[in-house]
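Notes follow the structure.
Remember, predicted model here, so these are calculated numbers, not experimental data. Indexing begins at 1, ligand by ligand and atom by atom, following the structure's order.
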Amino acid sequence: MRLKNKYKFLVVFLLLTTSFYSQQIHRKTLKLMGSRFDISVVANDTVSATKYINLAINEISRIEKLISSWDTNSQTSEIIKNAGIKPVKVDKELFDLIERSLAISKLTDGAFDISYASMDKIWKFDGSLKTMPSEEEIKKSVLKVGFQNIILDKENSTVFLKLKGMKIGFGAIGKGYAADKAKMLLISKGVKAGIINASGDMNTWGKQPNENDWKVAITNPLNKNNAFALLPISNKAVVTSGDYEKFVTFNGKRYSHIIDPRTGYPASDIVSVSVFAPKAELADALATSIFVMGTEVGLNRINQLNNIECIIIDNKGGIHNSKNININKI
Ligand code: ADP
Ligand code: MG
């Protein structure tokens, strides 16, 4: 009888310890930076998982306050308000993000440009655009765009937009940066594994509780239900830019919502780009850049960079990948 009780106790104890102390994926979905974020952490119990997830949320919200151009009190808005007037002193964090953004502009010959934000919105993707904008309108729309006119003074930590009416926006890099920072913070707090997924910008670290790598499925937007590749991603980010929701068609040509900041014309060659990189920030920015650069130039550029890979789906359904990526067919 005593033995039996002891045995029962042992079973209950084992059950308790496995449910309380076994590693599980805990996940929360919420809207941050105007986008859907899924934050997953591997943790022993719900209490610590919630604590970690909240830390990540606070970090992402903090960054949103710094880089938002909607929030009229943000440092970014202050820079925009003073365009053509005077340099604005900003936190080192924002200064550094702008400095890195300019480096990506140079790397992509201006395909990536945070000053895209001043572009006149002559392209509409809600069905209201019935005729193609004129060449003149298109040229005029990019007059205030140009990363060369973003002047940084490192010593004084100031940013100056040279032209009146210039604007900057972090739509193609901010989510990636926030995901990197949230990941770094959780790693520093001892979280062994997790995924920060910012509307498809995935940033992972560690492994799944079953010791397998995290995997990402790549789908073809022209055939949405079919994933064509399942790729392991460990301690890496993968970011996808796609035009399958927002585009217009004129004379049989498809124009996407990503506009070439140098010409004012929308990118039209590509329907989806996934970039794999050690950091989500770079992956995010490069995905948008490749869209603008097109398949050939984009692949060429990626093949010159270490530890960065991409998969491109063109508007004819063709699949192109950079030289060091191994697409396992599912
Ligand atoms: P999503 O945010 O929908 O995943 P992207 O990551 O490709 O898409 O970013 C697109 C956003 O980036 C646009 O909505 C706009 O805010 C901004 N953007 C568009 N074109 C450029 C560009 N050439 N350089 C930098 N940012 C851009
Ligand atoms: Mg992006």
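Each of the atoms 5 (P), 6 (O), 7 (O), 9 (O), 21 (C) of ligand 1 lies under 4.0 Å from some heavy atom of T288. Applying the 4.0 Å criterion to heavy atoms of D284 picks out, from ligand 1, the atoms 6 (O). Interface of K175 with ligand 1, defined as ligand atoms under 4.0 Å from a residue heavy atom, comprises 1 (P), 2 (O), 4 (O). Interface of F112 with ligand 1, defined as ligand atoms under 4.0 Å from a residue heavy atom, comprises 24 (N), 25 (C). Of all atoms in ligand 1, numbered sequentially from 1 with element shown, those under 4.0 Å from a heavy atom of I259 are 23 (N). Remark: ligand 1 atoms within the under-4.0 Å shell around heavy atoms of S241 are 5 (P), 6 (O), 7 (O). Below 4.0 Å from some heavy atom of P261 lie the following atoms of ligand 1, by number and element: 23 (N).
For ligand 1, one of its N or O atoms has an N or O atom of Y116 under 3.5 Å away.
Taking a 4.0 Å cut-off on heavy atoms, A111 registers as neighbouring ligand 1.
For the pair R262 and D260, the salt-bridge criterion is met [side-chain N within less than 4.0 Å of a carboxylate O]. Under a 4.0 Å N-O distance rule, the pair D38/K28 does not qualify as a salt bridge.
Here the straight-line distance linking atom CZ of F95 with atom CG of L152 works out to 4.5 Å at 0.5 Å rounding.
Here the side chains of M184 and I187 are not in contact, with every heavy-atom distance at 4.5 Å or above.
N156 and D153 are linked by a side-chain donor-acceptor pair at a separation below 3.5 angstrom, with hydrogens and angles left out of the test.
Of the options V90, I67, L66, a side chain to side chain contact (heavy atoms under 4.5 Å, CB included) to L97 is made by I67 and by none of the others.
Sorted by first and then second residue, the side chain to side chain donor-acceptor pair (under 3.5 Å) pairs with a member in residues 182-196 read K183-N203; sequence neighbours excluded.
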